[in-house]
Protein chains: 2
Amino acid sequence: MANLDRLFNALSDPTRRAILQDLRRGPATAGALGAAHPMALPSFMKHLGVLERAGLIETEKQGRTRSCRLAPGALVPVSAWLADQRLLWEERTERLAAFVENHEERR
Amino acid sequence: MANLDRLFNALSDPTRRAILQDLRRGPATAGALGAAHPMALPSFMKHLGVLERAGLIETEKQGRTRSCRLAPGALVPVSAWLADQRLLWEERTERLAAFVENHEERR
DNA sequence: GATAAACTGAGCCAGACGGCTAAATGTCTT
DNA sequence: AAGACATTTAGCCGTCTGGCTCAGTTTATC
């Protein structure tokens with residue numbers, strides 16, 4: 001799914017994950033968020049853009065400031081993909097672990 | 001965490017997620033895996049490299065073929081990060097949802 | 001021992017990324 | 001009306017990415 005591409009990609013950057021952390025304290029303006037990160041504002045705004053295009057945050061221009069907040073349910077597709085993976089993945093690797101253990105046992 | 005960078009980045013590409021899907025059927029050689037994807041083999045091998053550096057798969061040269069398999073527990077850090085997020089994220093957005101609902105109610 | 005198979009390595013290319021600065025825009029505040 | 005403030009736009013830069021081809025290298029197979 002193309003949306004998963006954008007989600008995983010947005011999450012692959014430490015600055016962007018930090019922004020999500022910050023926003024858990026509640027909504028904040030772009031500038032206030034950016035002050036915590038050691039880069040020029042235009043660079044920082046790009047990260048906000050990536051997060052918004054991925055659907056992870058929602059922003060709204062209010063007067064001369066832009067307010068940002070976490071987007072409800074944005075992580076659901078990620079969570080769903082992960083759950084689906086673990087279904088067969090861990091089951092399989094548990095079988096593998098069992099096999100290895102068995103194998104070790106008889107050497 | 002630097003490892004999360006590599007994990008999320010590896011997962012942000014549809015070809016790479018497809019490879020993980022394929023490997024749930026069990027280990028396979030690089031060539032066999034690549035046959036299912038419409039690109040030249042060297043290009044495909046790069047994807048395997050990304051997955052391996054992220055710790056998502058393990059590979060081993062056997063004779064002239066390279067065998068690939070899912071790495072046990074590789075998704076645990078992702079899963080943990082996600083669980084941590086949902087802890088405050090969904091809690092917050094549920095409060096938000098409740099607030100919105102309340103607000104709607106009184107219009 | 002020659003030939004085929006299965007990678008592997010080198011190197012090219014266009015475009016995306018993550019940073020920057022400098023200037024422009026729109027919105028308060030006085 | 002002027003000045004300060006909070007972005008926003010534009011454009012530059014070096015690196016990384018994801019694709020390609022072409023030429024090795026190593027290992028079966030006949």
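Note that this is a predicted model, so its numbers are computed, not measured. Naming convention: chains lettered A, B, ... in sequence-line order (proteins, then strands); numbering from 1 in each chain.
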Boundaries of the DNA chain D segment in contact with chain A, non-hydrogen, under 4.0 Å = dA4(D) to dT9(D)
Just how far, in rounded Å, is C1' of dC17(C) from CZ of F8(B)?
-> 19 Å
Roughly how far, to the nearest 0.5 Å, is CG of L11(B) from CG of L56(B)?
-> 5.5 Å
pair E58(B)-C68(B): side-chain heavy atoms closer than 4.5 Å = no
Same cluster for V50(B) and L48(B) if Ile/Leu/Val/Met/Phe/Trp/Tyr side chains link at under 4.5 Å?
-> no
Pairwise salt bridge (charged side-chain N to carboxylate O under 4.0 Å, His left out) hits with a residue in residues 6-17 of chain A, at least two apart | R17(A)-D5(B)
Once you round to the nearest 0.5 Å, how far does CH2 of W81(B) lie from CG of L20(A)?
-> 5.5 Å
Taking protein heavy atoms under 4.0 Å as touching, what does nucleotides 18-30 of chain C look like 5' to 3' if B marks base contact, S marks sugar-phosphate-only contact and - marks none?
-> BBBBB---BBS--
Side-chain heavy-atom pair H47(A), M45(A) within 4.5 angstrom cut-off | no
With sequence neighbours excluded, give me every salt bridge (charged side-chain N to carboxylate O under 4.0 Å, His left out) pair touching residues 31-54 of chain A.
-> none
N/O donor-acceptor pairs under 3.5 Å from side chains in residues 29-44 of chain B, not counting sequence neighbours:
unit_1 : atom_1 : unit_2 : atom_2 : d
T29(B) : OG1    : A32(B) : N      : 3.2
H37(B) : NE2    : D22(B) : OD2    : 3.2

